[in-house]
Amino acid sequence: MNDHPVIARIRLNPHSRDVQRDLRDATQMHRTVMRMVPDNLGDAPRQQAGLLYRLEETDTSSTLLVQATTLDPARLPTGYGQADVKSLSPMFTALRKGLGVRYRIVLNPAKRERLSLEDKGKRGRIVPLSGADADQWWLRRAAEAGLDLHVLTPTSMEAARPRGRDATRMRHSLLRYDGTATVTDPGALEDAVIHGIGRGKPYGAGLLSLAPATTA
């Protein structure tokens, strides 16, 4: 695939009212990051743009990572933050079977509830997973994505809570996983990076970041 996505690393301005609003409201954050992709992308603009994002916060700063086929940070609100954009092509070029990598991903591990025979034809509700169940979910999804995990360290994140009159009342539980892995299928891994993994992509989940594993 030649049209590899780009990724923007945006150091958020903590004094910006737009930033303060978006950090409180997952729906507004999604609307803001969507401003960076082209208009008129049809009924599913996020999917058409290949847009994924992840918020990374420390005690002293907040950084927003945004990935898409094309991005224009100049369309962000004035004073929103400082953005650096780079192509992911070099990373995809480096992928090969047996390569050791470090990874980071925020996920919304969940499964659909099984219903009784009396409820045949109906769809069960989505149930969030935690603890060992969430770890096993990520192990399975990573294997499908061409990664053999060696280390998976979970960190509970603040749940994404969409707000506003038209927003869903669902609370999206988020877990961040960091660790090391070996690439088993570069093609599947490239597809997972481009399209994201799991549910909750409009709320900051699914963006898989990779870097070469350091050797001591």
Side-chain angles (χ1 to χ4, degrees), residues 1-12 29 33 36-37 46-47 49-73 81-109 132 134-158 174-201 203-216:
M1 185 172 182
N2 294 322
D3 296 328
H4 286 140
V6 297
I7 191 159
R9 182 179 293 272
I10 306 163
R11 289 180 288 279
L12 300 181
M29 177 70 80
V33 297
M36 289 190 283
V37 303
R46 190 200 62 75
Q47 292 92 324
L51 186 137
L52 301 164
Y53 72 96
R54 182 173 74 241
L55 179 65
E56 300 197 336
E57 296 185 281
T58 69
D59 292 338
T60 58
S61 66
S62 298
T63 301
L64 188 63
L65 301 178
V66 185
Q67 177 182 300
T69 303
T70 180
L71 290 170
D72 182 4
Q82 181 180 348
D84 298 311
V85 182
K86 67 177 183 179
S87 171
L88 290 178
S89 290
M91 183 195 73
F92 287 120
T93 301
L95 291 182
R96 67 180 187 280
K97 189 172 182 178
L99 178 70
V101 296
R102 292 179 291 118
Y103 69 84
R104 170 170 288 181
I105 188 167
V106 169
L107 294 166
N108 174 221
D135 294 348
Q136 289 300 316
W137 183 95
W138 169 226
L139 279 165
R140 290 193 301 270
R141 295 304 294 267
E144 294 168 1
L147 283 177
D148 178 22
L149 301 187
H150 305 313
V151 175
L152 60 161
T153 303
T155 303
S156 295
M157 310 292 288
E158 185 175 349
L174 299 177
L175 276 175
R176 191 186 78 208
Y177 281 98
D178 296 272
T180 57
T182 298
V183 177
T184 60
D185 186 336
L189 184 55
E190 179 173 337
D191 186 73
V193 171
I194 291 172
H195 296 105
I197 295 176
R199 302 176 183 273
K201 293 169 188 172
Y203 305 106
L207 172 60
L208 175 61
S209 298
L210 300 171
T214 54
T215 56

Leu88 side chain near Ile194 side chain, heavy-atom distance below 4.5 Å: no
CG of Leu51 to OG1 of Thr70: how many Å apart, nearest 0.5 Å? 11.0 Å
Quick one: closest heavy-atom pair of Val85 and Pro73, and the distance? CG2-CG, 3.6 Å
The reported gap from CD1 in Ile7 to CG in Asp84 (rounded to nearest 0.5 angstrom) is 11.5 Å
Using side-chain hydrogen bond (donor to acceptor under 3.5 Å, both in side chains) as the criterion, list what pairs up with Thr153, not counting sequence neighbours. none
Checking Thr182 side chain against Gly98 main chain: does a donor-acceptor pair fall under 3.5 Å? no
Working to the nearest 0.5 angstrom, can you tell me the gap between Tyr177 OH and Leu139 CG? 8.0 Å
Check: Ser87 and Phe92 side chains under 4.5 Å, non-hydrogen atoms: no
Ion pair check, Arg102 and Asp178, cut-off under 4.0 Å: no
Any side-chain heavy atom of Leu149 sitting closer than 4.5 Å to one from Trp138? yes
Is there a side-chain contact between Leu207 and Lys201, using heavy atoms and a 4.5 Å cut-off? no
Gap between atom CD of Gln136 and atom CG of Leu152 - 0.5 Å precision: 8.5 Å
Nearest heavy atoms of Gly198 and Trp137, plus distance in Å: CA-CH2, 4.0 Å
Does CZ belonging to Arg9 count more than 12 external heavy atoms closer than 6.0 Å? no
For Ala145, the side chain to side chain contact (heavy atoms under 4.5 Å, CB included) test, sequence neighbours excluded, returns Ala192, Ile197
Please name all residues satisfying side-chain hydrogen bond (donor to acceptor under 3.5 Å, both in side chains) with Glu57, sequence neighbours left out, ordered by chain then number. Ser62
Any sub-3.5 Å donor-acceptor pair from Gln67's side-chain atoms to Val193's backbone N or O? yes
Chi angles and distances behind the side-chain contact (heavy atoms from CB on, under 4.5 Å) call for Leu64, Met29: CA-CA 10 Å; Leu64 188 63; Met29 177 70 80; 3.9 Å; yes
Using every non-hydrogen atom in the two residues, find where Leu174 and Tyr203 come nearest and quote the distance to one decimal. CD1-O, 4.0 Å
Residues His4, Glu190; criterion side-chain contact (heavy atoms from CB on, under 4.5 Å); working and verdict: CA-CA 9 Å; His4 286 140; Glu190 179 173 337; 3.2 Å; yes
Side chain Thr184, main chain Gly146, donor-acceptor under 3.5 Å: yes
Interatomic distance, His195 atom NE2 to Leu208 atom CG [nearest 0.5 angstrom]: 13.5 Å
Is Leu175 close to Ser156 at the side-chain level, that is, under 4.5 Å between some pair of heavy atoms? yes
Test item: Ile10 and Val33 side chains (from C-beta on) under 4.5 Å apart, heavy atoms: no
Would you say Leu95 and Leu210 make side-chain contact, with heavy atoms under 4.5 Å? yes
Audit row: Leu55, Val106, side-chain contact (heavy atoms from CB on, under 4.5 Å) steps and yes/no: CA-CA 9 Å; Leu55 179 65; Val106 169; over 6 Å; no
Side-chain (Tyr53) to main-chain (Ala68) donor-acceptor, under 3.5 angstrom: no
Give, for atom CG of Leu189 and atom CG of Leu147, the distance between the pair rounded to the nearest 0.5 Å. 4.5 Å
Nearest heavy atoms of Arg54 and Ser209, plus distance in Å: NH2-OG, 2.9 Å
